[in-house]
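Given the structure is predicted, the values throughout are model-derived calculations rather than measurements.
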Amino acid sequence: AQDSGTPPKLRYIETDVSRLEGFLLHRVRIYTLDNDKPKQGVLTSIRNQTVHVEQLLHNGKMTVHLHRDRIARVEVLRSDE
């Protein structure tokens with residue numbers, strides 16, 4: 001049983017690409033087939049098989065566009081529940 005005063009712990013949990021629509025505006029780490037380093041940021045939209053992730057940079061924001069076919073693995077920052 002969880003204490004009502006304790007917020008759930010958030011962690012990156014591997015999530016099936018087909019479930020991404022349910023996690024819009026969540027923080028994500030997306031690993032592509034051609035790069036070991038994940039793209040990290042906020043999942044902003046999914047259109048026409050393209051996943052859009054907004055990344056914060058030192059001088060502003062940048063949106064990365066990733067085609068679903070190039071995605072190897074996705075992790076979503078969320079609670080275990």
Side-chain angles (χ1 to χ4, degrees):
Q2 181 122 17
D3 289 351
S4 58
T6 306
K9 295 223 183 321
L10 297 178
R11 65 184 184 93
Y12 282 97
I13 298 173
E14 191 162 348
T15 303
D16 195 277
V17 176
S18 66
R19 295 185 56 215
L20 272 182
E21 281 83 0
F23 295 101
L24 289 175
L25 302 182
H26 280 67
R27 292 196 57 77
V28 295
R29 288 196 295 222
I30 298 180
Y31 296 83
T32 57
L33 296 173
D34 55 0
N35 195 337
D36 291 337
K37 191 170 189 243
K39 305 287 187 211
Q40 292 194 149
V42 175
L43 179 64
T44 54
S45 66
I46 301 169
R47 286 191 301 269
N48 300 330
Q49 299 299 311
T50 302
V51 175
H52 305 271
V53 176
E54 186 174 270
Q55 296 182 309
L56 287 177
L57 305 172
H58 297 295
N59 56 351
K61 297 176 184 176
M62 177 179 90
T63 300
V64 178
H65 311 280
L66 304 164
H67 196 277
R68 278 186 193 252
D69 291 348
R70 305 299 307 150
I71 295 174
R73 193 169 101 234
V74 176
E75 297 172 347
V76 177
L77 185 64
R78 55 192 172 109
S79 67
D80 287 332
E81 298 170 2

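In the hydrophobic clustering (ILVMFWY side chains linked at under 4.5 Å, chained through shared members), Y12 is joined by L10, L77.
Hydrophobic cluster membership is shared by V17 and V53, with clusters built from Ile, Leu, Val, Met, Phe, Trp and Tyr side chains linked at under 4.5 angstrom. Placement of L24 and I71 within a single hydrophobic cluster is found when ILVMFWY residues are connected by side-chain heavy-atom separations under 4.5 Å, directly or transitively.
By the side chain to side chain donor-acceptor pair (under 3.5 Å) test, R47 pairs with S45, sequence neighbours left out. Applying the side chain to side chain donor-acceptor pair (under 3.5 Å) test to D69 and every residue at least two apart in sequence or in another chain returns nothing. Under the side chain to side chain donor-acceptor pair (under 3.5 Å) criterion, R68 pairs with E21, sequence neighbours left out. Residues passing the side chain to side chain donor-acceptor pair (under 3.5 Å) test with R11, sequence neighbours excluded: D80. Take H26 and apply the side chain to side chain contact (heavy atoms under 4.5 Å, CB included) test, not counting sequence neighbours, and it matches F23, V76.
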For residues 56-66, dump all side-chain donor-acceptor pairs below 3.5 Å to protein atoms at least two apart in sequence or in another chain.
unit_1: H65; atom_1: ND1; unit_2: H52; atom_2: ND1; d: 2.6

Listed pairs under 3.5 Å, donor-acceptor, residues 29-39 side chains, sequence neighbours left out:
unit_1: R29; atom_1: NE; unit_2: E75; atom_2: OE1; d: 2.8
unit_1: R29; atom_1: NH2; unit_2: E75; atom_2: OE1; d: 2.9
unit_1: T32; atom_1: OG1; unit_2: D34; atom_2: OD1; d: 2.9
unit_1: N35; atom_1: OD1; unit_2: K37; atom_2: N; d: 2.9

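Although no hydrogens or angles enter the test, the distance criterion places a donor-acceptor pair under 3.5 Å between the side chain of Q55 and the main chain of Q40. No side-chain donor-acceptor contact under 3.5 Å links N48 to the backbone of T50.
Closest of all the heavy-atom pairs between I46 and L20 is CD1-CB, 3.6 Å.
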